[in-house]
Amino acid sequence: TQLLEQSPQFLSIQEGENLTVYCNSSSVFSSLQWYRQEPGEGPVLLVTVVTGGEVKKLKRLTFQFGDARKDSSLHITAAQPGDTGLYLCADAGNMLTFGGGTRLMVKP
Amino acid sequence: DTEVTQTPKHLVMGMTNKKSLKCEQHMGHRAMYWYKQKAKKPPELMFVYSYEKLSINESVPSRFSPECPNSSLLNLHLHALQPEDSALYLCASSQDAGGFNYGYTFGSGTRLTVV
């Protein structure tokens, strides 16, 4: 059984700070996706990464996929209150098995 | 239309009631999913329908009964639930089972409270 671990579990920062959250798997990802979920809503897809070493940027968000395809990171530059939410990594090749999530709060 | 619509948004039911959750998508997706999400936890897969046929049941108790009347609709029938079944129930769809390249589109969920 694949285990996905995300760290940190909780993160509270001030507006304008940078942050990085991590996702590690006990086995190789076939395809890794990052989602953000706001309270009372369903998760929304941010990015899909497939190739080891891949880097994707989405405005202030930078996603990296490890060379061995067993880990990934999400870096947010100059965080804003609108970035507040639950960030989930998931193995899309495994019927979307989710990691435990990182709960981010960005204070004005 | 790029949405998954779930109704109702909120539902309170007694342990002897029978109710149904509904999910609809018009994106032509051929796979649809039910997930259960408890507070402060990630979503957990319950059922997968691929081309209108149940392909995965993650050992869900029989008091939850899924139904896929057509390629756009997915229902979850509820009967004799327990208070611990209270959760956010999320419906999702993808182009095909696995969502490998195109990802999953989630609805906003139904917040279920069993009293």
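Letters go in sequence order (proteins before strands), and every chain restarts at 1. Computed from a predicted structure; not experimentally measured.
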Student: How far apart are the closest heavy atoms of A:L45 and B:G103, and which atoms are they?
Tutor: CD2-CA, 3.8 Å
Student: Should B:Y33 and B:L78 be regarded as members of a common hydrophobic cluster, given that ILVMFWY residues are connected when their side-chain heavy atoms come within less than 4.5 Å of each other, either directly or indirectly?
Tutor: no
Student: Can you say whether A:L32 sits under 4.5 Å from chain B via the side chain, the backbone, both, or neither, judging by heavy atoms?
Tutor: neither
Student: Counting neighbours of NZ on B:K40 that are heavy atoms of other residues, nucleotides or ligands and sit closer than 6.0 Å, is the number greater than 12?
Tutor: no
Student: Would you say CD of A:E5 has more than 12 non-hydrogen atoms from neighbouring residues, nucleotides or ligands within 6.0 angstrom?
Tutor: no
Student: Could you tell me if the side chain of A:E41 sits less than 4.5 Å from the side chain of B:L88, heavy atoms only?
Tutor: no
Student: Just so I understand: if I count every heavy-atom pair under 4.5 Å between each of A:G99, A:P43, A:G101 and chain B, which residue has the most?
Tutor: A:P43
Student: If I compare all heavy atoms of A:L88 with all of B:P42, which pair ends up nearest, and what's the gap?
Tutor: CD2-CB, 3.9 Å
Student: With a 4.5 Å cut-off on side-chain heavy-atom distances among I, L, V, M, F, W and Y, is there a chain of contacts connecting A:L61 to A:V49?
Tutor: yes
Student: Answer yes or no: is there a side-chain heavy-atom contact under 4.5 Å between B:E44 and A:F98?
Tutor: no
Student: Tell me, with the steps shown, if A:Q37 and B:F106 meet side-chain contact (heavy atoms from CB on, under 4.5 Å).
Tutor: CA-CA 10 Å; A:Q37 184 177 22; B:F106 283 85; over 6 Å; no
Student: Atom NZ of residue position A:K57 - does it have more than 12 heavy atoms of other residues, nucleotides or ligands inside 6.0 Å?
Tutor: no
Student: If you count heavy-atom pairs within less than 4.5 Å of chain A, which of B:K9, B:R111, B:Q37 leads?
Tutor: B:Q37
Student: If you draw a 6.0 Å radius around CD in A:Q9, do more than 12 non-hydrogen atoms from other residues or ligands fall strictly inside?
Tutor: no
